[in-house]
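Step one of this worksheet: look at the structure below.
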Amino acid sequence: QDAKTIGVSIPAADHGWTAGVVYHANRVAELLMKEHPGLNVIVKTSPDPASQANALQDLETQGIDALVILPTDPDPLVNAIKEVKNKGTFVSIVDRAPSVNDATVRDLYVAGNNPALGRVAGEYIAKNTPDAEVVVIRGLPIPIDQQRQDGFDEGIKGSNVKILDRQFGNWNRDDAFKVMQDYLTKYPKIDVVWCQDDDMAVGVLQAIEQAKRTDIQYVVAGAGSKDMIKKVMDGDKMIPVDVLYPPAMVGTAMELTAAAIYDQVPVHGTYTLDATLITSGNAKNYYFPDSPF
Amino acid sequence: MSRSEEGGAVAAVRKGRRSIDLRAVAPFAALALLLVVGALVNPNFIGINNLANVATRSAFIAIIAVGATFVISSGDLDLSVGSMVAFVASLMILFLNSGAIADPSLLLAAAVTLATVIGALCGLANGLITTVGRIEPFIATLGTMGIYRGLTTWLSQGGAITLRSPEIQEMYRPAYFGSILGVPVPILVILAVTAIAAFILYRTRYGRHVVAVGSNREVARYSGIGVDRVRTLAFVIQGICVAIAVLLYVPRLGSTSATTGILWELQAITAVVIGGTALKGGVGRVWGTICGAFILELVGNIMLLSNFISEYLIGAIQGAIIIIAMLVQRSLTRRP
Amino acid sequence: MSRSEEGGAVAAVRKGRRSIDLRAVAPFAALALLLVVGALVNPNFIGINNLANVATRSAFIAIIAVGATFVISSGDLDLSVGSMVAFVASLMILFLNSGAIADPSLLLAAAVTLATVIGALCGLANGLITTVGRIEPFIATLGTMGIYRGLTTWLSQGGAITLRSPEIQEMYRPAYFGSILGVPVPILVILAVTAIAAFILYRTRYGRHVVAVGSNREVARYSGIGVDRVRTLAFVIQGICVAIAVLLYVPRLGSTSATTGILWELQAITAVVIGGTALKGGVGRVWGTICGAFILELVGNIMLLSNFISEYLIGAIQGAIIIIAMLVQRSLTRRP
Amino acid sequence: MNSHEGGIAVPVLAAERISKIFGEVQVLFSVDFDVLPGEVHALIGENGAGKSTLAKILTGFEQASSGQILLDGQSVTLPSNGRAEALGIVLIHQEFNLAEHLTVTESLFLGREVARFGVLDRRFMREETRRVLDILGSSIDEDAPISSLSVADKQMVEIAKAISRDARVVFMDEPTAVLSRDETDILFDQVRKLRAKGTSFVFISHKLDEVIELTDRVTVLRDGQWIKTAPTSLLDAESMAQLMVGRELASLYPAKHEPDVDEEVTLSVRSLTTGYVKDASFELRKGEVLGFSGLIGSGRTEFMEAVAGLRPRLSGEVVLKGHAIGSGDFLSAKANGLAYMTKDRKGRGLLLGEGMATNLTLQSLDRHVRHGYLDPSSEAEALARARRRFDIRVRDDNVMVGRMSGGNQQKLLLAKIMETEPDVIIIDEPTRGIDVGTKQQIYHFIAALAREGRSIIVVSSEMQEVIGLCTRVAVMREGRIVGMLEGEEVSEQVIMRYAAGLKRKLAG
Ligand SMILES: Nc1ncnc2c1ncn2[C@@H]1O[C@H](COP(=O)(O)OP(=O)(O)OP(=O)(O)O)[C@@H](O)[C@H]1O
Ligand SMILES: Nc1ncnc2c1ncn2[C@@H]1O[C@H](COP(=O)(O)OP(=O)(O)OP(=O)(O)O)[C@@H](O)[C@H]1O
Ligand SMILES: [Mg+2]
Ligand SMILES: [Mg+2]
């Protein structure tokens with residue numbers, strides 16, 4: 001087979017989910033290289049948009065036939081992606097879409113569905129505890145977080161669910177622990193916590209346990225880390241469900257991209273992954289004990 | 001006439017002095033002010049529970065900052081503490097998971113010792129690179145910051161390292177969540193660490209030398225003080241303090257990741273400076289430092305408990321509060 | 001006897017000069033070493049394209065660091081530059097989006113002016129809080145760092161602020177992506193900014209005052225130098241440099257968010273220190289600073305181009321490289 | 001004094017053929033020097049002759065390039081960095097060796113703290129400090145931070161530090177340069193007491209009368225060469241000066257220039273009060289040289305700094321050439337032609353890490369701006385001029401100021417102040433650490449300035465200097481001007497009586 005190179009640019013592992021992305025990108029890279037002997041896959045991580053733009057340039061310098069990118073923050077990277085695309089390179093964007101997301105920017109878009117992650121959580125809460133008083137822990141102040149919030153608001157629309165407070169927990173367990181502690185001080189009664197991320201759920205659960213509060217009925221997190229899925233599987237009352245937002249989607253995109261450059265199948269357009277609700281019923285389908293995440 | 005002259009002579013005997021004590025008290029004044037503000041913002045604030053929470057969670061930064069007080073008083077700087085926390089915690093949990101020793105309490109004891117030794121060694125590395133390598137501490141510890149963080153990322157393969165044995169976790173939990181005579185353990189640890197540090201800094205030869213080295217390295221050298229030894233030891237003390245913070249950190253969430261402790265160095269330095277220690281060296285105020293750490297944690301707490309601040313503006317208000325608190329301190333110590 | 005004395009005197013003149021120059025040259029030696037390492041790692045590395053890329057992208061940090069050279073030489077520190085970038089860029093884009101002026105080129109010109117003025121004002125605020133408020137610059141600018149970042153988050157309502165008009169985007173693009181006589185515009189901007197800064201620092205009264213203030217504030221005061229004025233002005237220069245960096249940043253990414261410029265302050269300070277400026281003040285090396293910024297960017301580039309280092313270890317290797325580069329510098333300037 | 005006259009005693013400490021080369025500049029050429037038990041040995045020479053360097057070598061702070069050091073007749077290598085104290089060899093540095101943040105007690109015991117079971121015995125150390133300070137008749141608070149002390153008080157701390165070490169040989173590098181007569185007398189009493197107990201002293205000074213008063217033998221250095229060692233009793237001030245300078249000296253003080261009584265008043269200070277200085281007033285006329293005298297801590301420096309605007313004042317008025325100068329407004333005082341020379345040359349006078357030119361032009365950079373930028377050749381010219389005018393001698397033109405000899409630093413500082421061509425000049429200790437030859441030059445320079453119509457205030461701890469230069473002398477005591485002496489009254493006895501508080505009188 002021909003010698004081809006795929007460049008993969010992803011965020012650095014700055015919390016559990018991105019760590020999962022890095023893990024799956026490396027895992028699939030190895031699989032692909034085994035499958036296609038002439039193929040070289042280069043995985044690069046970057047902590048922020050500016051350095052990811054640099055990484056794209058550097059990948060280009062090395063000569064790539066296709067680019068798979070999971071942008072740290074999509075809009076600032078549009079220009080840099082276009083530079084690559086304009087040189088005739090096949091471009092796949094994963095998860096985070098820029099505001100202009102058409103064929104001028106990329107060939108393939110594998111969509112993680114951020115609004116849906118919020119909506120599914122919102123709908124679950126609205127359905128199970130329609131009068132719940134909810135506290136929300138947000139991630140970092142970047143657009144995908146905003147999309148999740150908007151999705152959540154949509155999900156609870158029409159119900160009596162009341163949002164008591166929203167604060168940033170930076171997708172970090174320690175910060176989430178603090179925010180939760182303060183929520184517990186501030187509100188004598190909390191029914192449900194929505195913290196949209198499994199890493200932050202770790203801190204939230206500890207804070208609740210420490211305060212020995214019994215009013216909190218459950219916590220809804222998200223992403224699908226093995227620890228949280230295990231809890232769902234084991235029927236943990238505090239974690240009845242988890243919303244899937246699989247870091248493995250980067251692997252899917254890489255496989256599709258490899259297929260595209262070897263002309264096995266025509267791949268173009270948008271592939272949207274669901275934000276599946278993981279319940280005790282389906283949890284074991286999503287449990288990968290060997291993953292770091 | 002002669003009466004007033006006599007008064008002058010008596011006064012002349014006591015030249016200088018006084019103003020120093022005020023400066024040591026100033027951080028506590030800022031703290032008191034914050035407590036008042038907090039009480040106005042939310043009645044729950046002043047509750048014993050909330051204050052205990054805040055004090056408890058300030059433990060990590062406070063203890064690290066106590067170590068930083070030594071490094072900074074001696075005229076150096078350590079940027080690596082945040083990643084050192086992650087590194088030491090990772091190794092400690094990996095060791096606990098390895099089950100190298102069958103008996104759980106022995107295993108835990110060994111892990112505690114191991115963490116302390118690793119912390120001290122990390123500090124030693126920082127110290128030697130700075131002194132023997134004669135590299136600006138800012139750059140030297142920025143380098144080791146990358147190294148410790150990188151090694152942690154590698155150990156955890158980017159993910160989290162979680163304490164596996166529930167038995168050990170149960171046994172170890174009280175180290176963070178427990179309390180003795182109603183006082184949470186971390187608060188006791190803060191007090192003990194600070195008391196020991198204050199003793200070392202104010203009551204021992206070594207402490208004297210730290211301040212002398214930070215105030216004027218040439219003078220210290222000319223007084224026969226082993227400047228490099230003093231500086232290196234300050235880094236080692238910093239490393240041990242980091243290890244102690246880790247000993248409290250691990251039982252809290254039972255896990256670490258590559259992102260543990262990010263930016264803690266900045267917080268620790270801030271606590272030290274708010275506490276009245278000068279960044280240029282030569283002054284060390286250990287009690288002020290823990291007051292500073294407490295102030296930092298309190299500002300965040302007040303923000304969260306207040307109902308009228310947009311979550312987007314919290315950072316801005318926090319910044320403003322820190323500046324105002326410092327202005328209050330300054331106006332207190334400004335002489336007429 | 002008298003012959004040898006004369007010879008000695010002449011040699012001494014030469015020697016004194018040489019050892020000073022060596023220290024200024026040292027960063028460039030480290031740079032050369034890195035170029036060699038890079039060439040070994042990847043043959044594409046030494047290509048003109050790649051090096052131009054690296055130089056171009058070092059522009060933001062380099063320009064900010066030039067400003068930081070003034071602040072640091074005068075004995076202060078500015079931690080707020082990273083969030084100042086986000087703040088100034090947000091306001092600039094919001095202004096461009098507002099379409100306040102119909103004619104696009106006029107609008108752009110107005111936006112450029114606005115950004116510069118805002119940068120200068122942010123710097124002025126830092127300067128006044130530090131000097132008039134007499135707060136340690138570390139704390140003062142940590143406070144404004146929170147304020148600028150918080151305001152940005154609030155302006156962007158947690159999301160991104162994106163330049164909307166494609167027309168303006170097209171018109172503005174060459175400011176980053178264009179080149180004049182084959183040299184990318186950002187490189188020209190770096191050179192121009194550095195040349196002006198070097199002129200100010202080495203050839204004007206103000207530059208001399210900066211160094212005097214940083215080297216000994218009391219001596220400067222007793223020499224009739226308006227110490228506070230000099231320090232404040234250094235912060236303003238820093239603000240203007242940040243604004244210039246923003247003028248290059250906006251056309252590159254066309255959008256900002258609350259996370260823009262995070263940790264840039266650390267990088268800028270690192271560039272300054274690698275370039276040979278002492279954190280304690282009193283020495284300023286503008287050309288060394290841009291060399292430092294280039295070194296930082298180059299280390300990242302080499303990591304990215306090398307394909308045999310585990311993703312997870314990159315941070316560790318980067319840290320190690322920085323330390324080694326500094327050791328090389330030191331061994332060069334160490335006298336026998 | 002005692003045994004050395006027989007010539008049999010073994011020197012406690014001796015230097016044999018010591019040479020010292022800094023980089024490639026040789027500053028000592030095969031110097032021999034010895035200290036006998038229980039003697040006070042003076043070491044004199046011009047600025048830059050190598051006195052401080054020799055003292056540092058003999059106390060282990062510098063290593064000789066060649067030659068050897070004998071301790072009790074045995075060849076030794078002295079331990080470095082002050083550890084020679086363990087051998088009983090102590091140096092009072094010419095430039096203070098004190099850390100600003102430490103307190104007096106902490107400084108006194110730095111590097112040899114007393115501890116019991118690892119715990120500092122703070123009480124003991126404080127009491128000991130107090131005891132030593134009391135012996136020296138000093139009122140410094142033992143808990144005061146060094147940064148709050150005046151230059152003279154710092155000197156007293158250095159002296160206390162040396163005396164509190166049970167030393168065999170004490171090197172004192174210009175200990176009296178900033179001390180007034182009273183403090184000097186107390187110091188000399190202590191030296192004599194210790195000498196009687198067998199302690200040896202090496203006394204470096206430019207005050208030849210003190211050399212004659214205190215010492216037993218004199219060694220003269222010139223340009224790094226040993227010139228002569230002789231019993232003090234065989235020499236007088238003139239012959240010493242001649243040995244040092246290598247030529248005959250004319251009279252030290254120039255003729256005084258008395259301004260006309262109707263000459264305009266250039267500086268007038270009314271009821272100035274600061275924290276320490278109270279209700280002090282005086283007027284200074286064009287062409288006048290006004291002296292300020294008083295004991296240590298009498299407030300002269302604080303007063304003068306308040307006048308110059310370097311310190312805020314609580315009340316009072318300062319009018320300079322018709323312009324009222326605001327409190328703490330040094331910039332406008334400077335703009336109106338006032339210059340102030342500090343005596344703290346290390347902390348407030350010079351940038352020690354910079355070269356001579358940078359320091360010289362620091363406060364007069366406007367003069368060197370051409371087309372908006374600094375002209376290095378114009379600065380170089382200024383430096384050449386200043387070096388000629390003030391006889392600044394260095395052997396390496398690019399030397400950092402911190403490495404210049406103390407006296408040459410002082411000359412550079414004076415030159416720096418004069419660069420602004422001020423009309424009103426306040427000089428605190430004009431000749432601190434300056435050798436006799438240059439002293440004469442500086443006195444003539446001051447007199448010439450006065451004749452040109454400039455007004456000068458001389459604050460000095462050397463009473464002779466004030467008397468020799470000034471037509472009027474203000475005496476301060478505990479923050480007040482207690483006497484304004486003129487004509488006949490300007491004499492040592494009268495000034496002493498006022499300074500000691502035995503007499504008060506205020507005249508216009
Ligand atoms: N009773 C006192 N109360 C407060 N401060 C005092 C007192 N006595 C002396 N001082 C301090 O001493 C200083 C006065 O010494 P100053 O240096 O002005 O005197 P001086 O006559 O120049 O003596 P010196 O030769 O010591 O410099 C003041 O700045 C003041 O801070
Ligand atoms: N560390 C050094 N490096 C280079 N030159 C030095 C150093 N220390 C002293 N010198 C030079 O050695 C010479 C002798 O200086 P020294 O300080 O011994 O003179 P001194 O006799 O004490 O003069 P003064 O009376 O002015 O104090 C001077 O020319 C001085 O510049
Ligand atoms: Mg000398
Ligand atoms: Mg004085």
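Chain identifiers are assigned alphabetically (A, B, ...) following the order of the sequence lines, protein sequences preceding nucleic acid strands; residue numbering begins at 1 within each chain. Since we're looking at a predicted model, the values are computed, not measured.
- For chain A, the option among B:Asn50, B:Val54, B:Leu253, B:Asn44 with the highest count of heavy-atom pairs below 4.5 Å is B:Leu253.
- In this structure, chain A has heavy atoms under 4.5 Å from both the backbone and the side chain of B:Arg252.
- Residues A:Thr185 and B:Leu305 are in side-chain contact: their nearest non-hydrogen atoms beyond the backbone lie under 4.5 Å apart.
- When heavy atoms are compared at a cutoff of 4.5 Å, A:Asp165 approaches chain B solely by way of its side chain, counted from C-beta outward.
- A:Phe177 does not carry B:Arg57 over the face of its six-membered ring by the limits of under 6.0 Å from the centre and within 45° of the normal.
- Considering only heavy atoms from C-beta on, B:Ser255 comes within 4.5 Å of A:Arg173 through its side chain.
- Annotation: side chain of B:Glu311 is in contact with side chain of A:Arg138 (closest heavy-atom distance under 4.5 Å).
- Looking at every heavy atom in both residues, A:Asp182 comes nearest to B:Leu304 through OD2-CD1, 3.2 Å.
- When side chains are defined from C-beta on, A:Gln210 counts as touching B:Asn53, because their heavy atoms get closer than 4.5 Å.
- Between A:Gln167 and B:Ile314 the shortest side-chain heavy-atom distance falls below 4.5 Å.
- When side chains are defined from C-beta on, B:Phe177 counts as touching A:Gln206, because their heavy atoms get closer than 4.5 Å.
- When heavy atoms are compared at a cutoff of 4.5 Å, B:Asn42 approaches chain A solely by way of its side chain, counted from C-beta outward.
- Heavy-atom distances place both the backbone and the side chain of A:Val179 under 4.5 Å from chain B.
- Contact of B:Phe60 with chain A is not made at all, since no heavy-atom distance falls under 4.5 Å.
- Enclosure of atom NZ in A:Lys189 by more than 12 non-hydrogen atoms of other residues, nucleotides or ligands within 6.0 angstrom is indicated.
- Other residues, nucleotides and ligands contribute over 12 non-hydrogen atoms within 6.0 Å of the CZ atom of A:Arg166.
- Ranking A:Val22, A:Leu184, A:Asp174 against chain B, the residue ahead of the rest is A:Asp174, based on heavy-atom pairs under 4.5 Å.
- Residue B:Thr56 does not touch chain A at all, counting heavy-atom pairs closer than 4.5 Å.
- When each of B:Ile161, B:Asn301, B:Asn49 is scored by its heavy-atom pairs under 4.5 Å with chain A, the top score falls to B:Asn301.
- For A:Asn26, no part lies near chain B; criterion is any non-hydrogen pair under 4.5 Å.
- Using a 4.5 Å cut-off between heavy atoms, B:Phe45 makes no contact with chain A at all.
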